[in-house]
Amino acid sequence: MEQNQDLSRRNFLKLSAASGALAVGGTTVSASAFAKTVPSGKIKAALPKAKGPRLVIVGGGTSGLTIAKYAKKEYPKFDVVVVEKRDMYSSCFSSNLWYSGVINLEFLADHSFLDAARNNNYIYFNATVTGLDRAARKVVTSEGEIDYDFLVLAPGISYDYEKIGVKDVGVMTALRQTYPGGFISPTEHVTIHRKVQEFEGGVFVQTVPSGNYRCLPGPYERACMIASVIKKNKIKGKVLILDANPQITIKQTGFHAAFDELYKDIIEWMPSSAVTGVDVEKKTIHTEFDTIPFDEAAIYANVRGSTLIEHLGLMAPSTKSNQKEADIDTRFYNFVGDPHVYVTGDSRPHPYSKSANTSNTEGKYIAKVLAARAQGKEIAWVSPRTVCYSMVDADPLEGISVDAGYDYDPAKDIITGFSKDTKTFEARDEAKGKATLEWARGIYRDMFDA
Amino acid sequence: MDRRRFIGICAGSLAAFTLGTQRTWAEDFRDFPRALLIDANGVPIRASDLSTEEAYLFHYPHKGLPCFLINLGKSAAAGLTLSGDPLNENGSSYRWPGGVGKSSNLVAYVAICTHQLSAPSKEASYMRYAANGSELAGDTGKIVCCAHGSVFDPVNGAKPAFGPATYPLLPIRLEHYPEDDSLIATGMAGHQLIEQYFKSYKRDLIKEFGPGTYRENVGINTVTQLLSQYSESIPAC
């Protein structure tokens, strides 16, 4: 025992010595991991000196990558740095299609942060944001601090398990690991993929939360994809959709038709069935009226703004967002009172659909806002656009879609709802099924290619 | 090939061609080696035989660059000044010359959606000319991209009519020879997008055309066929 301790102490000393040497060589990062005497906040990130106004973008999802590319195009003087905690990209959008074998994992993940940055003249910096000093305009990361002229935070969403009655951190953790929602990280997608591929029968529960959750059609589309596997493999099983909402939240007609016509004995949809608790051990889900046993599940908790927004002190009061989203200007996205800090993508408090196409179109507009403000100008507000396909059948491919815009009320300074030119295309067909794939390819091209 | 057409084709072929040179939209059209539009049997296309029901696909000026030839069945607008990619710092406006043919009814555009570069391949085309209307376009006679719902108006230089695209499909310049009703492609505008396209689709283009081949000039002839004969699948959004 003592020997081991001694060994580890010696190893520690060796490591410390090495890290000291590295620090001398200019790599301050290794030093910070070992030498606690150096306050992490004082270490500069290993980045070249900014050649123009530095725009730091936190988050390499659809919002962050779109803004990085187009801000640089709109205003080439910007020195753009994307801070992303993942070292490997994989999209959340289109991930449902993997579960049924319509696409493979490469479709989602064969896109490199490095290539995106190189093709579009910005820097990809692999680090996690841990702090923010707005007065000094510094963002603190696990790899040192970065000075900014403009900061965009696009950290996406976090789950809010308390809203589905899970207040115990132990249960929350068990749920997150065992029955992930599959609407945030690639590792959740891998787990759900395995669950679907290994499903041998019984009840597969897919829950739908209340509120403005990410990807409104997502849980229904996923139910269709799981059901298509059950149908194809002739499994004695069903997909039970426990929906917190009284109605299917979007593309109602198209999804009802798919449930009734394609998966009559496979999908059961239960409206107004908000989850109020989960017993992970007993494998039961509680709603207000029922206790439902299940064999497998994807439990989609309510959605809130990323916890990073709360940690950095940028959260809106509950009067403005009941989902812990950011306190930002309705039209220009800057944190209220600070024209140097912006929050975009799914941590915004707007009633916009939290989806890739929304963030992609919003990102192009925000790039223009930033370019204008860097030059002391302002531009007129433009609505994001939500073009969104959902696959309802895997073989043959059949899809439905929606094309939505939004209206702004200047008197109340709020987004009032969908614009008049919003259309839904709910008669499922092969054309829209195939277009579902091309829709995603287009967004990948837009984010990763020049 | 008769002598006159041969000369027609050769006339522009001396124009230097270097892919990658940054040309500006302001220069309007750029000359490329001229190519006669022929059918799959090598017979020159006759303009008056062209269907008005769907677009024809040909490659020009490069072997890997898909273009649409459309018989509008009516006259195209008589030339317009259009705005190109607003983010192309080399300039953005160009002169689209209008249609060619007996009643200025023939137009040609690069078949790459200017929004997110969706383009026809042998496997599938999400871009098509919806002569008789479509769910997405509503209206008849529009070019529709299924991917995100961009709609272009071929009568007016393929200007965006609806959807997320912010600038027109790139124009291909055609010449019509009334004596034998043949068509020759002679140039295009907005070459910068082509570089983006080649870069973005490099893997697919190598697979379909061979390494480097997609960048080569088509030569003096280019095969022109109905899109439905070229692409196996054309989702009709």
Side-chain angles (χ1 to χ4, degrees), chain A residues 66 69-76 106 110-111 115 118-120 356-357 360-361 364-365 367-368 371 382 384-389 396-405 421 423-427 429-450, chain B residues 20 22 85-90 92 112-121 123-128 130 134-139 144-151 160-167 192-205 228 231-237:
Chain A
T66 304
K69 171 175 173 173
Y70 285 93
K72 184 73 187 168
K73 273 183 184 276
E74 294 283 353
Y75 189 54
E106 272 186 30
D110 188 5
H111 316 282
D115 294 344
R118 193 178 52 86
N119 287 337
N120 296 295
N357 205 97
N360 180 242
T361 52
K364 289 178 188 182
Y365 158 71
K368 287 193 171 106
V382 177
R385 198 83 199 168
T386 304
V387 175
C388 164
Y389 288 91
L397 294 185
E398 286 187 317
I400 54 181
S401 70
V402 62
D403 180 359
D421 61 354
K423 289 185 279 191
T424 57
F425 304 94
E426 306 203 43
D429 62 24
E430 219 170 327
K432 289 194 277 292
K434 287 177 174 168
T436 305
L437 303 179
E438 186 64 8
W439 170 91
R441 287 190 205 106
I443 296 179
Y444 295 134
R445 281 194 291 271
D446 199 32
M447 294 192 296
F448 290 89
D449 298 349
Chain B
Q22 297 287 316
D85 182 356
L87 291 178
N88 176 353
E89 53 188 316
N90 293 328
S92 67
I112 299 172
C113 182
T114 55
H115 170 229
Q116 289 178 348
L117 307 186
S118 206
S121 69
E123 201 185 331
S125 180
Y126 298 91
M127 291 276 286
R128 72 179 181 115
S134 75
E135 195 180 11
L136 253 180
D139 208 1
V144 182
C145 177
C146 250
H148 307 88
S150 290
V151 177
F162 187 79
T166 54
Y167 61 101
Q192 183 169 325
L193 186 90
I194 308 313
E195 269 307 307
Q196 272 181 44
Y197 174 74
F198 282 164
K199 219 171 158 188
S200 214
Y201 280 85
K202 198 166 180 180
R203 267 188 269 189
D204 300 331
L205 290 168
S228 57
S231 293
E232 266 171 48
S233 157
I234 306 166
C237 297

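To find a chain, count down the sequence lines: A is the first, B the second, and so on, and within it residues start at 1.
- Neither the backbone nor the side chain of B:Ile234 comes within less than 4.5 Å of any heavy atom in chain A.
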**Q.** side chain to side chain contact (heavy atoms under 4.5 Å, CB included) between A:Asp446 and A:Tyr70, worked out
**A.** CA-CA 10 Å; A:Asp446 199 32; A:Tyr70 285 93; 2.5 Å; yes

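- Heavy atoms closer than 4.5 Å to chain B are found nowhere in A:Phe448, neither backbone nor side chain.
- For chain A, the nearby parts of B:Glu135 are the backbone and the side chain; heavy atoms of each come within less than 4.5 Å.
- With chain A as the partner, the residue from B:Gln196, B:Gln116, B:Lys199 showing the most heavy-atom pairs under 4.5 Å is B:Gln116.
- Using a 4.5 Å cut-off between heavy atoms, A:Leu437 does not touch chain B at all.
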Q | Full working for side chain to side chain contact (heavy atoms under 4.5 Å, CB included) between B:Leu193 and B:Thr114 | A | CA-CA 8 Å; B:Leu193 186 90; B:Thr114 55; 4.3 Å; yes

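- To the nearest 0.5 angstrom, A:Arg445 atom CZ is 7.5 Å from A:Arg441 atom CZ.
- Note on A:Asp110 versus B:Arg203: salt bridge recorded, some NZ/NE/NH1/NH2 to OD/OE distance being below 4.0 Å.
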Q: Apply the test side chain to side chain contact (heavy atoms under 4.5 Å, CB included) to residues A:Asp421 and A:Arg385: give CA-CA distance (whole Å), side-chain angles for both, the deciding distance (0.1 Å), then the verdict.
A: CA-CA 11 Å; A:Asp421 61 354; A:Arg385 198 83 199 168; 3.0 Å; yes

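- Looking at A:Tyr444, neither its backbone nor its side chain comes within 4.5 Å of chain B, counting heavy atoms on both sides.
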(Q) disulfide bond (SG atoms under 2.5 Å apart), that's the test. Do B:Cys237 and B:Cys146 meet it? Break it down for me. (A) CA-CA 6 Å; B:Cys237 297; B:Cys146 250; 1.9 Å; yes

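- Of the atoms belonging to A:Asp115, not a single heavy atom falls under 4.5 Å from chain B.
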